[in-house]
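Heavy atoms only: backbone and side chains are in, while hydrogens, waters and symmetry mates are out. Residue numbers count from 1 along this sequence. This structure is a prediction, so every number in the text was calculated from the model and none was measured.
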Amino acid sequence: MGKDNEALEVYRHSTSHIMAHAVKEIYPDAKFAIGPSTAEGFYYDFDCPAPITEEDLKKIEEKMKEIIKANRPFLRKEISRAEAIALFKNLGEPYKVELLEEIQDETVSVYEEGGFTDLCRGPHLKSTKEVKAFKLLSVAGAYWRGDEKNKMLQRIYGTAFFDKDALKTYLDFLEEVKRRDHRRLGKELDLFSINDDIGAGLVLWHPKGAAIRRIIENFWTDEHQKAGYKILYTPHMAKLDLWRKTGHLDFYSENMYSPMEIEGLEYEIKPMNCPFHISIYKSRLRSYRDLPIRFAELGTVYRYERSGVLHGLLRVRGFTQDDAHIFCSEDQIEDEVLRVLDFTIFILKTFGFNEYDIYLSTRPEKYVGSLEIWERATNALKDSLQHKGLQYSVDPGEGVFYGPKIDIKVKDCLGRPWQCSTIQVDFNIPERLDVTYRGADNKDSRPIMVHRALMGSLERFFGILIEHHAGIFPLWLAPVQLCVLSISERQAEYAKSVAELFQKDGFRVELNTENEKIGYKIREAALSKIPYLCIIGDKEMADGTVNARKRNGENLGEMPLEKLKSILRDETADRR
């Protein structure tokens with residue numbers, strides 16, 4: 001962390017302390033938990049008898065301004081842990097006492113400012129008056145220590161910057177984030193929904209959203225077939241014992257659902273596709289001449305996510321991975337990883353993502369296999385990245401239990417990183433499930449598995465796409481590419497025939513011959529973010545033409561139908 005970041009962290013942590021003091025002034029019965037700085041600002045968790053609402057943030061801000069204006073110094077004191085426990089018991093702060101009882105140090109530090117005392121390692125600013133620009137942003141619920149078995153606390157989020165211009169820039173950024181929020185746009189554009197009657201984290205794809213999904217799936221399938229993959233379909237559940245053999249029950253059970261009993265046997269809804277692909281591989285004898293074998297599937301999996309972390313399409317319980325598994329010999333690993341890296345970058349760029357960060361994730365605390373195998377797998381990934389000349393960072397301990405991985409985080413148009421693509425080298429599961437191939441020496445050898453996903457999951461990727469494009473999808477992805485509008489009822493039949501002609505040529509068309517003013521119809525199409533409009537009046541009907549315009553307002557003028565079809569075909573083919 002650079003000095004500027006360190007200074008900003010101290011600045012924001014001090015602002016969090018001031019916010020806690022303000023809350024105590026307004027809500028004397030509030031109990032305080034933790035209040036750290038974050039990459040975006042700060043937050044503080046409170047146990048407050050009175051619910052704090054978004055409307056209350058303004059009065060908390062006003063109280064903070066009073067504390068800042070008073071220019072009170074932050075005073076640090078070092079006291080014994082026993083003294084601190086007695087102090088916070090006397091102040092009626094049970095959460096601080098709980099934290100102190102777990103601290104091993106005999107001496108701890110507290111900070112006092114204007115009569116308000118908080119447990120904190122520090123450092124803080126010298127005085128409250130050094131805070132120049134801050135804003136409280138929102139209120140949310142948060143379980144104490146992140147455990148849903150504990151009490152739900154109230155968390156106030158805020159941010160702070162060294163000057164008002166930097167704060168304004170950040171607040172403008174947040175407004176743009178809100179404008180692009182995929183949950184809001186998903187509803188406005190009628191793309192998807194999540195219904196409590198169905199269940200949290202389970203996505204319903206509406207016709208327009210499903211149209212985009214189908215386009216993505218068709219593109220994905222075509223490109224995988226070109227790249228030498230065989231497309232598979234596998235079941236949504238399997239016997240529980242399968243997941244015991246793979247190691248998922250030992251290392252991944254907290255993300256799996258409770259098993260179900262069928263005719264005396266336990267079954268588990270699948271969290272992964274890997275064992276199914278292995279079973280297909282093992283359905284017959286494989287030779288070294290067959291390798292590499294590339295299996296791919298748009299496989300729907302189910303993982304247990306706590307309700308508190310579910311978030312639109314970005315964090316769900318049921319999702320479809322663009323999954324693939326490559327079975328290869330050890331000397332083929334680098335070539336296969338290089339192919340996957342090229343394939344990944346091609347896919348991401350096709351959808352408009354030209355910037356990304358790459359991470360090499362290494363062995364976690366809980367893992368299977370020997371250290372020697374892990375080192376070989378990690379070096380294989382490292383060599384591939386270096387061969388491509390790709391810049392990457394090491395993410396220690398973030399590999400999966402069966403192997404290291406490369407993670408690629410795309411950056412959207414706002415510069416926000418999103419985890420999408422992953423490439424994992426696995427020496428372990430082939431060993432656990434006794435996967436073999438007949439080598440050139442006519443003896444059984446163990447293949448290596450490369451697990452990979454390019455988009456991650458269709459749900460998450462679609463959510464990112466919505467926000468990246470602000471719902472203004474390029475023509476090739478747009479659920480409706482063309483809207484045919486009649487000016488009056490006189491042109492309704494001609495407008496209908498135009499729409500049908502475009503539909504027959506494979507274009508996605510919407511027809512509006514309602515008895516409304518044309519200005520209203522155009523606004524409705526603009527709100528739906530439809531790329532092209534065909535406006536038809538008496539002249540167009542008489543000439544057998546259309547008057548075309550783009551959603552940005554650019555008027556292309558009157559033209560024959562075939563000319564507009566040619567424009568649409570060219571733009572769709574270019575995927576722009």
Can a salt bridge be assigned to the pair Asp241 and Arg244 using a cut-off of 4.0 Å between side-chain N and carboxylate O? yes

His206 meets the side-chain hydrogen bond (donor to acceptor under 3.5 Å, both in side chains) criterion, sequence neighbours left out, with Asp190, Ser193

Can we call the ring centroids of Tyr402 and His451 under 6.0 Å apart? yes

Run through Val509, Leu511, Val484, Leu485 and flag the one making a side chain to side chain contact (heavy atoms under 4.5 Å, CB included) with Cys534. Val484

Is the shortest distance from a Lys or Arg side-chain nitrogen in Glu175 or Arg179 to a carboxylate oxygen in the other one below 4.0 Å? no

For atom CD of Glu254, is the number of surrounding heavy atoms from other residues, nucleotides or ligands below 6.0 Å larger than 12? yes

Any salt bridge between Glu459 and Arg213, counting N to O under 4.0 Å? yes

For Phe507 and Lys565, what are the C-alpha separation, side-chain angles and deciding distance, and is it a side chain to side chain contact (heavy atoms under 4.5 Å, CB included)? CA-CA 9 Å; Phe507 296 106; Lys565 286 180 184 178; 4.0 Å; yes

Close aromatic pair by centroid cut-off 6.0 Å: Tyr367 and Phe401: no

Got a sec, which residues hit side-chain contact (heavy atoms from CB on, under 4.5 Å) with Arg446, two or more places apart in sequence or on another chain? Pro430, Glu431, Asp434, Thr436

Identify whether the distance between the nearest side-chain nitrogen and carboxylate oxygen of Asp290 and Arg286 falls below 4.0 Å. no

Do other residues, nucleotides or ligands put more than 12 heavy atoms under 6.0 Å from Glu355 CD? no

CD of Glu102: more than 12 outside heavy atoms within 6.0 angstrom? yes

Could you pull out the closest heavy-atom pair between Asn150 and Tyr143, with the gap in Å? O-CD2, 3.3 Å

Is the shortest side-chain heavy-atom distance between Tyr356 and Ile345 below 4.5 Å? yes

I need the Leu291 CG to Glu336 CD distance, nearest 0.5 Å. 9.5 Å

Phe473: which of Ile530, Ile212, Ile215 passes side chain to side chain contact (heavy atoms under 4.5 Å, CB included): Ile212

Hey, is CD on Glu514 packed in by over 12 heavy atoms from elsewhere, all under 6.0 Å? no

Is it the case that more than 12 heavy atoms not belonging to Arg569 sit under 6.0 Å from its CZ atom? yes

With a 6.0 Å cut-off (strictly less than), is the heavy-atom count around CG of Asn218, excluding the residue itself, greater than 12? yes

Distance from Arg289 atom CZ to Arg438 atom CZ, nearest 0.5 Å? 11.5 Å

Answer yes or no for Lys409 and Tyr359: cation-pi contact, defined as NZ/CZ to six-membered ring centre under 6.0 Å and angle to ring axis within 45°. yes

Is the ring centre of Phe461 less than 6.0 Å from the ring centre of Trp418? no

Does Glu467 come within less than 4.0 Å of Arg416, counting only side-chain N to carboxylate O? yes

Cationic N near anionic O, under 4.0 Å, Arg214 to Glu217: no

Ring-face cation contact, Tyr43 with Arg155, 6.0 Å cut, 45° max: yes

Under 6.0 Å from the NZ atom of Lys529, do we count more than 12 heavy atoms belonging to anything else shown? yes

Decide, yes or no, whether a salt bridge links Lys239 with Glu268 under the criterion of side-chain N to carboxylate O below 4.0 Å. no

Do the side chains of Glu176 and Arg180 get close enough for a salt bridge, i.e. N-O under 4.0 angstrom? yes

Show, in sequence, the C-alpha distance, side-chain angles and deciding distance for Arg432 and Lys245, and conclude whether the side chain to side chain contact (heavy atoms under 4.5 Å, CB included) test is met. CA-CA 7 Å; Arg432 294 172 75 97; Lys245 291 176 182 175; 6.0 Å; no

Looking at Asp147 and Lys149, is there a salt bridge between them, counting it only when a charged N and a carboxylate O are closer than 4.0 Å? no

Does the side chain to side chain contact (heavy atoms under 4.5 Å, CB included) test come out yes or no for Leu314 and Phe462, once each step is laid out? CA-CA 9 Å; Leu314 303 180; Phe462 186 40; over 6 Å; no

For Phe219 and Phe346, take the angle between the two ring planes, folded into 0 to 90°, and tell me which bin it lands in: parallel under 30, tilted 30 to 60, perpendicular over 60. tilted

Residues Arg317 and Glu305 bridged, charged N to O under 4.0 Å: no

I'd like to know if the side chain of Gln419 and the backbone of Ser421 have a donor-acceptor N/O pair within less than 3.5 Å. yes

For atom CD of Glu500, is the number of surrounding heavy atoms from other residues, nucleotides or ligands below 6.0 Å larger than 12? yes

